[in-house]
2 protein chains.
Amino acid sequence: MTRKAPTLEDVAREAGVSRATVSRVVNGIRNVDPAIREAVREAIARTGYAPNRAARSLVTRRAETIALVVSGAGDDSESEQNAFAARALADPFFGRVVSGVVGFLRPRSMYPVLMFAETEAARQQVLAYLRQGSADGALVFSTHAEDPLPALLAAESLPCVLFARPALPAPLTYVDVDHRQGGRLAAEHLLARGCRRAATVTGPLDLPAAQDRLSGFQDAMARHGHPYVPIAEGGFTFDSGASAMTRLLAEHPGIDGVFAANDLMAQGVCQVLRESGKRVPEDVAVVGFDDSSAAVACRPPLTTVRQPMEEMAATMARLLQEQIEGELTEPTSVIFEPELVRRASA
Amino acid sequence: MTRKAPTLEDVAREAGVSRATVSRVVNGIRNVDPAIREAVREAIARTGYAPNRAARSLVTRRAETIALVVSGAGDDSESEQNAFAARALADPFFGRVVSGVVGFLRPRSMYPVLMFAETEAARQQVLAYLRQGSADGALVFSTHAEDPLPALLAAESLPCVLFARPALPAPLTYVDVDHRQGGRLAAEHLLARGCRRAATVTGPLDLPAAQDRLSGFQDAMARHGHPYVPIAEGGFTFDSGASAMTRLLAEHPGIDGVFAANDLMAQGVCQVLRESGKRVPEDVAVVGFDDSSAAVACRPPLTTVRQPMEEMAATMARLLQEQIEGELTEPTSVIFEPELVRRASA
DNA sequence: CTGAAAGCGCTAACAC
DNA sequence: GTGTTAGCGCTTTCAG
């Protein structure tokens, strides 16, 4: 068996000092004689000491762990549970999020705990996890407008930061992108390249993000003399994008430009266009949203409105950290500017 | 501020019993008078008690946490760090893995900690994390043949279970699929539908999985009178699949069937085929591997060799658990059978 | 600048 | 069946 791991006590004995002193050098506290510090360092190396996280957490009352929760709006239909996780991770959007979170956490030797909160039971588990101090706070990514988790978190004042403004208002800190501006960028680009009959495939319209991308797009179109824009609602998935495009094409065969509210749907749009014998971008220009890996994987590669996801996710982690440390007591929000990335599709 | 959380002591006082008794009902230990148990339950509800994880871990010497690590083979070129996480998650393969792990863990109120070990520094952090008991063990997914992490884990006998047989031999438990059989399935399907000039796009040939899929495919082809099969090596990515197909087509324009060693590459293959004016499956049949979300997203939807990923991942978690509990002391391996899933591409 | 000592909240013997 | 008690390994006053 693995013999008992060395403790502070062992190191102290080895170095001929007290536990307190060893603790000080481990935690990088200044007031330690350089010579002693060196001796302790050596003793640590010699014994192969590693501080025990549970013991430390018990006294500091910090888990030094944060939860990354992907949450939905389901009730208790168990069947959904696992499919939900798979679906959430299938969205290429997610890779950049995790990358941003990990980028912030790793230098602090912290790692995110992955949780899914699709059902009521799962939500309660998330709350329990936080309450018992298994994690100090949560970064939450809602996939549905009706998601009850933010409110629950707020009610118990558990530290958390949301990705995107919640549809159900709650006094919570969040990070978001200026979706209206993103819609505007898409509209102006389509207009600039000469589109005269642009349409849009929106996200689920109960989500503020989807609404705002739409209204930003519409406003910009209107401002340039296009009062009416054909719309088809999608669900942020490839298939929903494809079927929205099919509907659009049936009613408005003359469409020469499409703004899809995310890259996955834009991929579906391109797919349908190709199958209908239309060339992208020659016959129909397509602009996506997100700049996820789907944008590059798409044929043709998508011109898209980029959200600075890594930065946004890192900011979420930072705000959560500040909240946990007590430096941030009032809810706040940070809004990022989107940016148009030109590739081949428009 | 949030007032101090209730402790066992508080609940004990409230219920008029001792801490030990409360602990017993919390942990579901039998020897407790039903009436008292009920009283304690009520006291718990009344006080809103939640057991403190750090305190518990300190005495049980269990973190009740496991790490899910995606590891590579890099040295210390920092630049890679973040891109690695994004790239790893971009593989649709990953969604099913997480889903399987979570499926096993969740009923036990456990959640995976997500870690990336692409550089030497990151690997050391993973080891430190495990040594200090922040996690009880690791589920490791290597993306490279030269990955040094398994050996490091083995050297310190830290509990871990690998996905796939490691290229560098190590006395470690792993879960895998019968790749040769998978290759065989692909070959036989292509043959059965009449392909006479089948080729294959392999994975990185330093990976045992890629080698085995290839040799299984070749063997089956040979057994059916096709001693030679054109090969192009890919890197398990969309782009590598596309360029491998381009090379194949340049040298062997008459190809009528392709076995791509994963779905992502199969998608790239279909892409190139379409651009070359070949119809899938009429002109060229394509079979993928994995049955990841890419298989469904592909046009046409891919006929593919399915790995039971969720089951495999869940099994990994179970084996790790057994190892942590000390029930499993010798390395073992569990091999799953692949299955052909017929869709439109072949 | 260093050491002694008091817990953090919980589990697990061991008594009763 | 229930209570008492001794720590788990660490941080952190508080003296010196």
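Just so we're on the same page: letters track the sequence lines, and every chain starts at 1.
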Proximal nucleotide (of [options]) relative to the [X] side chain:
X	options	answer
B/Asn27	D/dT2, D/dG9, C/dT11	C/dT11
B/Ala20	D/dG3, C/dG7, C/dT11	D/dG3
A/Val32	D/dT2, C/dT2, D/dT11	C/dT2

Aromatic contact between A/Tyr174 and A/Phe163, with the criterion being ring centroids under 6.0 Å apart: yes or no?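 That pair fails the under 6.0 Å test.
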Short side-chain N/O contact from [X] to OP1 or OP2 of [N], under 4.0 Å:
X	N	answer
A/Asn52	D/dG9	no
B/Thr7	C/dG9	no
A/Ser23	D/dC10	no
B/Thr21	D/dG3	yes

Any donor-acceptor pair, under 3.5 Å, between the side chain of A/Arg24 and the base of C/dG3, if you only look at N and O atoms?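 In this structure, the two groups form a donor-acceptor pair.
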Between [X] ([atom1]) and [N] ([atom2]), how many Å, whole number?
X	N	atom1	atom2	result
B/Asn31	C/dC16	CG	C1'	15 Å
A/Arg13	D/dC10	CZ	C1'	16 Å
A/Arg62	C/dC8	CZ	C1'	14 Å
A/Arg61	D/dT12	CZ	P	12 Å
A/Leu58	C/dA6	CG	P	17 Å
B/Arg37	D/dT2	CZ	C1'	14 Å
B/Ile29	C/dC10	CD1	P	14 Å
A/Ile44	D/dG9	CD1	P	16 Å

For the pair [X] and [Y], find out whether any cationic side-chain nitrogen is under 4.0 Å from an anionic carboxylate oxygen.
X	Y	result
A/Glu156	A/Arg131	yes
A/Arg37	A/Glu42	no
B/Glu327	B/Arg318	no

Between A/Glu325 and A/Gln321, do the side chains contain an N or O donor and an N or O acceptor separated by less than 3.5 Å?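 Short answer, no.
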Taking any heavy-atom pair under 4.0 Å as a contact, classify B/Val26: base, sugar-phosphate, or nothing.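 The answer is nothing, as B/Val26 stays clear of every strand by at least 4.0 Å.
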First of A/Arg19 and A/Asp33 reached from the 5' end of DNA chain C, by closest nucleotide: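 Its nearest nucleotide lies further toward 5', so the answer is A/Asp33.
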For B/Ile36 and for A/Thr60, locate the closest nucleotide of DNA chain D by heavy-atom distance; then report the residue assigned to the nucleotide nearer the 5' terminus.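 Its nucleotide being nearer the 5' end, the pick is B/Ile36.
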